[in-house]
Protein chains: 2
Amino acid sequence: MLAIGEFSRLTHLSIRTLRRYHEAGLLVPATVDPATGYRSYGADQIPTAQVIHRLRDLDVPLADVRRILEAPDPAARGALVAEHLRRLEAELERTRGAVASLRRLLAPDPAPVHVEVRAVPATTVAAVEGDVGVDDVLAWYAGAMAELDAVVEDGDGAPGGLYDNALFEEGRGHVLVHRPTARPPRRGRVHPVTLPAVELAVATHTGPHDDIDVTYGEVGAWVVANALAVAGPVRETYLVGPRDTADPAAWRTEIGWPVFGVGER
Amino acid sequence: MLAIGEFSRLTHLSIRTLRRYHEAGLLVPATVDPATGYRSYGADQIPTAQVIHRLRDLDVPLADVRRILEAPDPAARGALVAEHLRRLEAELERTRGAVASLRRLLAPDPAPVHVEVRAVPATTVAAVEGDVGVDDVLAWYAGAMAELDAVVEDGDGAPGGLYDNALFEEGRGHVLVHRPTARPPRRGRVHPVTLPAVELAVATHTGPHDDIDVTYGEVGAWVVANALAVAGPVRETYLVGPRDTADPAAWRTEIGWPVFGVGER
DNA sequence: GTTGGACCCTCCCCCTGCGAGAGGGTGCAC
DNA sequence: GTGCACCCTCTCGCAGGGGGAGGGTCCAAC
C-alpha cells in the first residue's frame, strides 16, 4: 500500500490532483483509513493513473475520463478514446483555420469591400429550416444541404441560407437553407418557403469562411454610415462554395443584410 | 458610433465578452457616456475586435492579446504573433506525443520491465546544474547538454541526469546533467562533480520519453514490493538518445532509483 | 516520554474567460 | 404614460487546478 505522497511520486500527479481525482470518483484509493482519512493506493492503480494522466494531457474533461475508465471492456474504451481523438482532430483543423485567417488579417492591403443596396423581390424556394446551436451549425448545414440536393433536381441558382441574429448573440437561432427552383417539392424536411421581398445591403466575400466576419464588419460599418436599420435575418448566397470547388480561396459568398431607410444621408 | 449591441452583431463577440474586454483594457470603447455608462464603439474598432477574436480562437491569453495590440509597430506585432504560433506548434507536438503514448499504453501486452539492484561507485563527472521549472526542463536540458558536449572532448560513457523529486512534486527542482570523463574540465557552467556511491534500483526504458513514466511506475512498484526506501534524486542515463539516433523508438534510457534497505524481504 | 519534522487531512480563496441571471436605469415610439 | 428594447453593474457558476491556513498523525531521535 502506498501513501498519497509516494503514489504522487510514482505517477507524477500532484497530491492535490490525486485528491481531486478521488473526490471526482476518477481514481478512488484502494483503502481510506476511516479514523484518519489517510488515503492508500495499490501499486496496481499506477497504470490507471497513467491513463488518466495521458487523457488529461489531451484536455479530455474529467467527466469523460471517468466514462472511459468505466467502460466495460477494452473495445468500448477504445471507441471512446477514438471519439476523443476525432474531436482533437477537429480542434486541430479549427486551429489551422484560425492561424491562416489571422495571417490574412494581419497581411497588408486587404482588398476593399464593395457594398451596394439591391432590391430583391419575394422568391419561392425549396428550403430546410430548424433551430440550431452555433456549434452545430456546420454539421446541420451539411445535412440540410445534402437533403436539399437530393430532393431538388431542377435548381436554378446558387443555394443560400438565412441566419437569425440570435444564432450569434445567444448561441442558438433559426437557420434556413434553400435552393431556388421553379417548382419547390415537399419531401422529408424539404418544403417550399416564400422569402419576403427586401432591400439588401450586399457585399461579396471571396475566400474561406474563416474570414467572413471581416466582410460582415465592412457591411455593418457601411450600413451604420449610411443611416440604415437592419430588419430580419442575414442572407448568405453561396455563389461559389464547397460544392463547386475544393479550393476555399476561390469561394465566393454574397452577404446580404436586409435594411430599410435607404439614402437618408 | 455604435452601441454595444450593434458592435456585438458586427463582430460576433457577445456583449458580455465586449464588456470584459473593456474591463481588461483590451478593447476600450471610443466613448463612454459618463452619466449612463453606455459604451459607444467606432466602426474603426471592428478590425481590432476581429484580431482579438482570432487570437482568442487560438487561446492566446487576454494579457498576451493586450501586449500584441499595444505593440508599437506592425513588425513588433508580427514578432509577438509569430512567438505565439511557435508556442502553438510546440503544443501540437506535445499533443501528438500524448496521443501516441496513449495508444501505446492502451495497446495489448506491454513488454515486462526488468528491475535489478546495482551498486554504483562514486564517480567524478563533468556536469552542469541548476534549479529549473518543470516546464523549462527540456529546453534547459538541451542547452546544458550542448554546452557539455562543446567542452568535454574525451567523454567515456553515456551522458546522464539527476532529477530532484521537488521538480515533479513542486514543479521546480534541482537538475544536474553530466558526462563521465577522466579529466572533467571547468569552463562556463561546466564543472567537475563527484556523484556519491549509491545502490540503484535500475530498469531500462526503451522508446520515446513520452512513456517514461510507465517505467518509472514499474520501478517504483518494485521498490515498494521489496521494502526499500528511496534516498536522493533519480538518475537517468541516456544509453541511446536523440544524439545517437533520430528514431525515438530506438532510444534506451536507464532509470535508477537510489535505494537502501536492500534484501529485507 | 516528549519533541521535532515529515506527512496527511479538510476547508477556503484565487486564477482564466467566459455564461447566466438578478435588479435596476435609459431611450423611444405609440 | 406605458411598453419594450436596450443598457448598466453585481454576483454566482464552470473546470481543473494552485496556494495557504489550521490542525491531526506517525515515527525516530533524544
Side-chain angles (χ1 to χ4, degrees), chain A residues 1-9 11-27 29 31-41 49 52-67 133-135 165-166 168-172 229-231 260-261, chain B residues 1-9 11-27 29 31-41 49 52-67 133-135 165-166 168-172 229-231 260-261:
Chain A
M1 278 305 167
L2 301 159
I4 197 169
E6 296 174 275
F7 196 73
S8 160
R9 274 187 288 277
T11 58
H12 292 177
L13 289 165
S14 78
I15 290 179
R16 210 161 206 86
T17 301
L18 287 173
R19 286 205 268 252
R20 165 163 286 269
Y21 290 173
H22 177 191
E23 193 182 358
L26 268 191
L27 186 62
T31 65
V32 178
D33 186 318
T36 66
Y38 277 31
R39 280 164 258 248
S40 292
Y41 294 84
I52 297 175
H53 205 344
R54 295 295 188 296
L55 291 170
R56 287 297 307 136
D57 270 356
L58 298 173
D59 281 327
V60 176
L62 292 191
D64 295 13
V65 172
R66 184 169 38 207
R67 227 164 287 143
V134 71
D135 293 332
N165 255 326
F168 309 112
E169 282 165 47
E170 289 139 43
R172 177 159 207 89
V230 176
F260 61 89
Chain B
M1 280 305 167
L2 301 159
I4 196 169
E6 296 174 274
F7 196 73
S8 160
R9 275 188 287 278
T11 58
H12 292 178
L13 290 165
S14 78
I15 290 180
R16 227 162 212 101
T17 300
L18 287 172
R19 285 205 269 252
R20 163 160 288 269
Y21 290 173
H22 176 191
E23 192 182 357
L26 267 190
L27 186 62
T31 66
V32 178
D33 186 318
T36 65
Y38 276 31
R39 281 163 257 249
S40 292
Y41 294 84
I52 297 175
H53 205 342
R54 294 296 188 296
L55 290 170
R56 287 297 305 135
D57 271 354
L58 297 173
D59 281 326
V60 175
L62 291 191
D64 295 14
V65 172
R66 184 170 40 208
R67 226 163 289 142
V134 70
D135 293 333
N165 255 326
F168 310 113
E169 283 164 47
E170 288 140 43
R172 178 159 207 90
V230 177
F260 61 90

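Numbered from 1 within each chain, the chains take letters A, B, ... in sequence-line order.
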Q: So which protein N/O to nucleotides 9-15 of chain D N/O distances come out below 3.5 Å?
A:
from	atom 1	to	atom 2	distance (Å)
dT9(D)	OP2	R39(B)	NH2	2.4

Q: Less than 3.5 Å apart, which donor and acceptor atoms pair up between the side chains of residues 52-67 of chain A and the rest of the protein, not counting sequence neighbours?
A:
from	atom 1	to	atom 2	distance (Å)
R54(A)	NE	S101(B)	OG	2.5
R54(A)	NH1	Q50(A)	O	3.4
R54(A)	NH1	D213(B)	OD2	3.1
R54(A)	NH2	S101(B)	OG	3.2
R54(A)	NH2	D210(B)	O	3.3
R54(A)	NH2	D213(B)	OD1	2.8
R56(A)	NH1	V60(A)	O	2.7
D64(A)	OD1	R67(A)	NH1	3.3
D64(A)	OD2	H84(A)	NE2	3.1
R66(A)	NH1	A24(A)	O	2.4

Q: How long is the line joining CD1 of I15(A) and P of dG17(D), in whole Å?
A: 15 Å
Q: Compute the angle between the rotation axes at the two ends of the helix from dG1(C)-dC30(D) to dC30(C)-dG1(D), each taken over five pairs, rounded to 10 degrees.
A: 30°
Q: Could you tell me the separation between the OG atom of S8(A) and the CG atom of L18(A), rounded to the nearest 0.5 Å?
A: 6.0 Å
Q: Show me, pair by pair, the donor-acceptor contacts under 3.5 angstrom made by side chains of residues 32-41 of chain B, not counting sequence neighbours?
A:
from	atom 1	to	atom 2	distance (Å)
D33(B)	OD1	A35(B)	N	2.7
D33(B)	OD1	T36(B)	N	3.2
T36(B)	OG1	Y38(B)	N	3.1
R39(B)	NH1	H22(B)	ND1	2.8

Q: Taking CD1 from I4(A) and C1' from dT25(D), how many angstroms apart are they, rounded to a whole number?
A: 15 Å
Q: Reckon Y21(B) has a side-chain N or O less than 4.0 Å from the OP1 or OP2 of dG17(C)?
A: no
Q: How close do T11(A) and A49(A) get, heavy atom to heavy atom, and via which atoms?
A: CG2-CB, 3.6 Å
Q: Rounded to the Å, how far apart are D57(B) CG and dG17(C) C1'?
A: 13 Å
Q: Compare side-chain N and O positions of S14(A) against OP1 and OP2 of dG18(D) and report whether any pair is under 4.0 Å apart.
A: yes
Q: Once you round it to whole Å, what is the distance between C1' of dT16(C) and CG of D59(B)?
A: 11 Å
Q: Starting at the 5' end of DNA chain C and moving along, which residue's nearest nucleotide shows up first, G5(A) or T17(B)?
A: G5(A)
Q: Check ring-ring contact (aromatic ring centres under 6.0 Å, His included) between H12(B) and all other residues, then give those that pass, not counting sequence neighbours.
A: F168(A), Y216(A)
Q: Measure the distance from NE2 on H53(B) to P on dG17(C) and round it to the nearest whole Å.
A: 15 Å
Q: Tell me the interatomic distance from L2(A), atom CG, to dC8(C), atom P, rounded to whole angstroms.
A: 11 Å
Q: Between atom CD1 of I15(A) and atom CD of E6(A), what is the distance when rounded to the nearest 0.5 Å?
A: 10.5 Å
Q: Base, sugar-phosphate or nothing for A35(B)? Non-hydrogen atoms, less than 4.0 Å.
A: nothing
Q: If you restrict it to nitrogen or oxygen atoms, what contacts under 3.5 Å exist between nucleotides 23-25 of chain C and the protein, and what is each distance?
A:
from	atom 1	to	atom 2	distance (Å)
dG25(C)	N2	Y38(B)	OH	2.7

Q: Could you tell me how far apart D33(A) (CG) and dT25(D) (P) are, to the nearest whole angstrom?
A: 9 Å
Q: Roughly how far apart are I4(A) CD1 and R16(A) CZ, rounded to 0.5 Å?
A: 10.5 Å
Q: Does A24(A) reach a base, just sugar-phosphate, or nothing at all? Heavy atoms under 4.0 Å.
A: nothing
Q: Would you kindly give the NE2-to-C1' distance between H22(B) and dG17(C), to the nearest whole Å?
A: 17 Å
Q: Measuring from atom OG of S14(B) to atom OH of Y21(B), what distance do you get when rounded to the nearest 0.5 angstrom?
A: 8.0 Å
